[in-house]
Amino acid sequence: LLSNASADPFQMENEHLPTKVSTDAVSSNAWEMYQEVGLDVLTLSLLADVPIHRPLHLSQNSMIGHWRWLRQVWRIATPLSDLAKTQADLNPPEAEHEIIEAMTQSRNNIAIALLRQSFQRLEVAHPKETGDVYQSFLANLTLFCPFIGTELLWRQGLITAPKAEGLIE
């Protein structure tokens with residue numbers, strides 16, 4: 001009989017190590033890929049489709065789909081910044097527990113699915129609830145999409161530091 005006691009401890013601790021990523025849509029060089037599609041789209045593409053320990057093939061359609069979703073997020077979230085300022089307590093928002101839990105278990109694909117559900121709640125939120133739902137969504141979004149999430153937090157006034165010089169807008 002095999003037991004966990006005889007298993008290789010390194011293998012047990014690292015069972016969710018990242019694996020091979022392939023693509024024919026963009027450059028296979030990580031830096032060039034980042035330059036072509038940006039950090040937010042690249043992060044969603046890498047984490048959304050499969051668990052981190054399974055091989056991933058990035059397709060152009062997948063990256064375009066993530067880019068379109070972020071464009072939709074921007075289109076809906078940007079006008080909400082001013083409305084949410086007046087409705088919500090301007091306290092630092094917190095990410096949802098289920099998303100954090102999925103991330104700590106290396107189930108990033110599940111966490112991103114929960115992020116998308118968070119966005120759906122924002123789309124259908126009653127106007128009186130928009131501020132709190134918006135802040136919660138921004139906290140969730142910033143976990144995966146630091147650029148767009150931080151920009152939206154800054155526009156809402158939850159980040160009060162001035163923008164750094166040289167940032168690309």
Side-chain angles (χ1 to χ4, degrees), residues 16 18 21 23 25-26 33-34 36-164 167-169:
H16 296 295
V21 175
T23 182
V26 293
M33 191 180 305
Y34 164 76
E36 288 180 42
V37 300
L39 180 63
D40 292 344
V41 171
L42 185 58
T43 301
L44 289 175
S45 299
L46 289 170
L47 299 177
D49 295 329
V50 298
I52 197 165
H53 61 280
R54 293 189 44 208
L56 173 65
H57 182 77
L58 296 177
S59 69
Q60 185 173 10
N61 286 342
S62 171
M63 286 191 236
I64 289 171
H66 295 299
W67 175 79
R68 285 182 177 158
W69 183 75
L70 283 175
R71 188 176 66 180
Q72 181 182 8
V73 165
W74 185 260
R75 188 173 52 246
I76 289 175
T78 302
L80 291 177
S81 292
D82 291 331
L83 175 65
K85 278 183 195 177
T86 62
Q87 293 180 351
D89 298 327
L90 288 180
N91 296 319
E94 293 185 19
E96 292 179 24
H97 175 72
E98 292 98 2
I99 292 177
I100 300 294
E101 186 66 26
M103 291 175 69
T104 59
Q105 295 175 3
S106 298
R107 299 173 68 201
N108 296 316
N109 56 326
I110 302 298
I112 290 178
L114 293 168
L115 171 68
R116 289 178 181 262
Q117 287 177 359
S118 174
F119 180 65
Q120 289 171 345
R121 284 192 298 278
L122 176 63
E123 288 182 301
V124 299
H126 187 276
K128 291 182 180 179
E129 301 170 341
T130 301
D132 293 330
V133 174
Y134 180 66
Q135 285 185 0
S136 175
F137 171 71
L138 291 182
N140 298 332
L141 179 67
T142 305
L143 295 171
F144 299 100
C145 303
F147 288 151
I148 190 172
T150 302
E151 176 65 23
L152 291 170
L153 285 169
W154 183 81
R155 286 175 183 232
Q156 190 174 354
L158 292 170
I159 296 176
T160 56
K163 284 188 176 182
L167 288 179
I168 299 172
E169 292 198 27

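Owing to the predicted nature of the structure, the values given are computational and were not obtained by experimental measurement.
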Exercise. At their closest point, which heavy atom of Asn109 faces which heavy atom of Ala48, and how far apart are they?
Worked result: CB-O, 3.2 Å
Exercise. Any idea which heavy atoms bring Leu58 and Ser45 closest together, and the distance?
Worked result: CD2-O, 3.5 Å
Exercise. Should Leu114 and Ile100 count as side-chain neighbours, where that means a heavy-atom distance under 4.5 Å?
Worked result: no
Exercise. So do Pro146 and Asp40 actually touch side chain to side chain, heavy atoms under 4.5 Å?
Worked result: yes
Seminar exercise, completed: Residues at least two apart in sequence or cross-chain that pass ring-ring contact (aromatic ring centres under 6.0 Å, His included) with Tyr34, listed by chain then number, are Trp31
Seminar exercise, completed: Thr78 and Arg155 have their tightest heavy-atom pair at CG2-NH1, 3.4 Å
Problem set entry | Which residues share a side chain to side chain donor-acceptor pair (under 3.5 Å) with Asn140, sequence neighbours left out | Glu96, Ser118
For this session: Kindly compute the distance separating CE (Met63) from CG (Leu46), expressed to the nearest 0.5 Å.
Result: 8.0 Å
Problem set entry | Parallel, tilted or perpendicular, as decided by the 30° and 60° cut-offs, for the rings of Phe119 and Phe137 | tilted
Exercise. Quick one: are Leu70 and Trp74 in side-chain contact, heavy atoms under 4.5 Å?
Worked result: no
For this session: Please examine the side chains of Arg116 and Gln120, heavy atoms only from C-beta on, and report whether any two atoms are closer than 4.5 Å.
Result: no
Problem set entry | Polar side-chain atom of Asn108 near backbone of Leu47 as donor-acceptor pair, under 3.5 Å | no
For this session: Show your reasoning for whether side-chain hydrogen bond (donor to acceptor under 3.5 Å, both in side chains) applies to Glu98 and Gln117.
Result: CA-CA 11 Å; Glu98 292 98 2; Gln117 287 177 359; over 6 Å; no
